[in-house]
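Remarks on the structure that follows.
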Amino acid sequence: FYFNRTGEWDKSVSEQLMIDQEYFRKIEMGFGKLVRPYELTPFSMYRNGETYLPRAQVQVHSDYETIAALPDFDEFVADSDEGQMTIAFTTDTACRDFSILALTLEDIDDEGRISFQNEVLFWLDTLMPERPLVVYLTFSGTIPNYGISYVDIDGELRYYYLGMSGEDGSIQLVEFEE
């Protein structure tokens, strides 16, 4: 095992570590806990060095470790079909008018923008950082059937559908226009 601060894969510019594989894996797992999601902004959304995307306030989690470590939380059962998943919504700042939505695909335009009919299944006056929401639901097929809406820090009503990553199966929030 080798170490350097340049990111190069060349052993000649790296220091050999005198550790075994088990200790290395322990170090590696420790770094994994420091990883934080980072929202990428398309270049098309930049104007004169400024971005016009709102700061994401709500995060979705589907991993057992995160959900098991949550403090007190609210919960909602959207459905209890076979294959039910447990997901959690957390936030860094209070989000007003937080809703869990049932989505029905309405249209996909020529630009690939998706529109949905939505029905509010569950509503919270405010989703608070100290009180996350755990939701039990089932994903069926590739067309999103659940989403959320909330009023962001700028007073804008935001809509997101819950999508499943084709890469690793993680749950993602993807913004759409109402």
Side-chain angles (χ1 to χ4, degrees), residues 35-64 66-67 70-71 73-178:
V35 173
R36 299 288 178 256
Y38 186 80
E39 185 172 330
L40 298 178
T41 303
F43 288 120
S44 62
M45 298 303 290
Y46 278 88
R47 306 283 188 278
N48 297 328
E50 296 178 18
T51 179
Y52 290 93
L53 287 179
R55 183 175 69 98
Q57 293 181 62
V58 176
Q59 297 84 39
V60 62
H61 309 275
S62 59
D63 60 292
Y64 174 79
T66 300
I67 295 171
L70 290 176
F73 54 83
D74 292 311
E75 58 186 332
F76 169 67
V77 178
D79 67 58
S80 54
D81 293 341
E82 188 175 327
Q84 180 189 61
M85 289 185 68
T86 304
I87 62 172
F89 295 100
T90 61
T91 181
D92 295 334
T93 59
C95 295
R96 293 182 298 115
D97 293 324
F98 185 86
S99 297
I100 301 294
L101 307 171
L103 302 177
T104 304
L105 180 66
E106 194 170 71
D107 188 36
I108 302 176
D109 69 14
D110 294 338
E111 313 264 315
R113 288 184 296 254
I114 301 174
S115 59
F116 296 98
Q117 289 181 354
N118 67 69
E119 174 189 350
V120 175
L121 299 175
F122 179 81
W123 178 82
L124 281 175
D125 179 51
T126 307
L127 179 65
M128 302 295 289
E130 62 274 4
R131 188 135 177 115
L133 174 64
V134 172
V135 179
Y136 307 94
L137 49 73
T138 307
F139 287 92
S140 55
T142 57
I143 297 173
N145 52 352
Y146 289 103
I148 64 169
S149 67
Y150 63 90
V151 176
D152 71 10
I153 58 176
D154 297 323
E156 296 286 325
L157 182 58
R158 301 281 176 194
Y159 291 90
Y160 295 84
Y161 66 78
L162 294 169
M164 191 173 290
S165 167
E167 208 171 284
D168 63 2
S170 63
I171 307 301
Q172 303 172 332
L173 291 174
V174 181
E175 190 166 18
F176 71 94
E177 291 185 22
E178 169 44 25

Answer whether the closest heavy-atom distance between the side chains of [X] and [Y] falls below 4.5 Å.
{"X": "Q84", "Y": "V77", "answer": "yes"}
{"X": "V174", "Y": "I114", "answer": "no"}
{"X": "V134", "Y": "I87", "answer": "no"}
{"X": "L173", "Y": "F89", "answer": "yes"}
{"X": "T90", "Y": "L70", "answer": "yes"}
{"X": "I171", "Y": "M85", "answer": "yes"}
{"X": "L137", "Y": "I100", "answer": "no"}
{"X": "F98", "Y": "V58", "answer": "yes"}

Of all the heavy-atom pairs spanning [X] and [Y], show the shortest one and how long it is.
{"X": "D92", "Y": "Q59", "result": "OD2-NE2, 3.9 Å"}
{"X": "Y161", "Y": "P144", "result": "CD1-CG, 3.2 Å"}
{"X": "V135", "Y": "A78", "result": "CG1-CB, 4.4 Å"}

Subject >> R113 bridged to E177 by N-O distance under 4.0 Å >> reply: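 No, no charged N to carboxylate O under 4.0 Å.
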So how far is it from [X] [atom1] to [Y] [atom2], rounded to the nearest 0.5 Å?
{"X": "I108", "Y": "S115", "atom1": "CD1", "atom2": "OG", "answer": "8.5 Å"}
{"X": "T91", "Y": "R131", "atom1": "OG1", "atom2": "CZ", "answer": "15.0 Å"}
{"X": "I148", "Y": "S99", "atom1": "CD1", "atom2": "OG", "answer": "9.5 Å"}
{"X": "D152", "Y": "Q57", "atom1": "CG", "atom2": "CD", "answer": "5.5 Å"}

**OP:** Output every pair passing ring-ring contact (aromatic ring centres under 6.0 Å, His included) with a member in residues 125-146, not counting sequence neighbours, ordered by first then second residue.
**Re:**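 Counting only pairs at least two positions apart or across chains, no ring-ring contact (aromatic ring centres under 6.0 Å, His included) contact touches residues 125-146.
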Original post:
D154 side chain to E156 main-chain N or O, any donor-acceptor pair under 3.5 Å?
Top reply: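 Checking the backbone N and O of E156 against the side chain of D154, no donor-acceptor pair under 3.5 Å is found.
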Original post:
Does T138 offer a backbone N or O that forms a donor-acceptor pair with the side chain of D79 under 3.5 Å?
Top reply: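 Yes: the side chain of D79 pairs with the backbone of T138.
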Please list, one pair per line, the donor and acceptor atoms closer than 3.5 Å that link side chains of residues 121-130 to other protein atoms, with sequence neighbours excluded.
none

**OP:** Walk me through it: do F116 and L105 pass the test side chain to side chain contact (heavy atoms under 4.5 Å, CB included)?
**Re:** CA-CA 5 Å; F116 296 98; L105 180 66; 4.2 Å; yes
**OP:** Look at atom CD1 of I143 and say whether more than 12 heavy atoms of other residues, nucleotides or ligands are closer to it than 6.0 Å.
**Re:**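 No, CD1 of I143 has 12 or fewer neighbouring heavy atoms, counting only those of other groups under 6.0 Å.
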Original post:
Taking the inter-plane angle between the rings of F176 and Y159 on a 0 to 90° scale, is it parallel (under 30°), tilted (30 to 60°) or perpendicular (over 60°)?
Top reply: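 Ring orientation, 0 to 90° scale: tilted.
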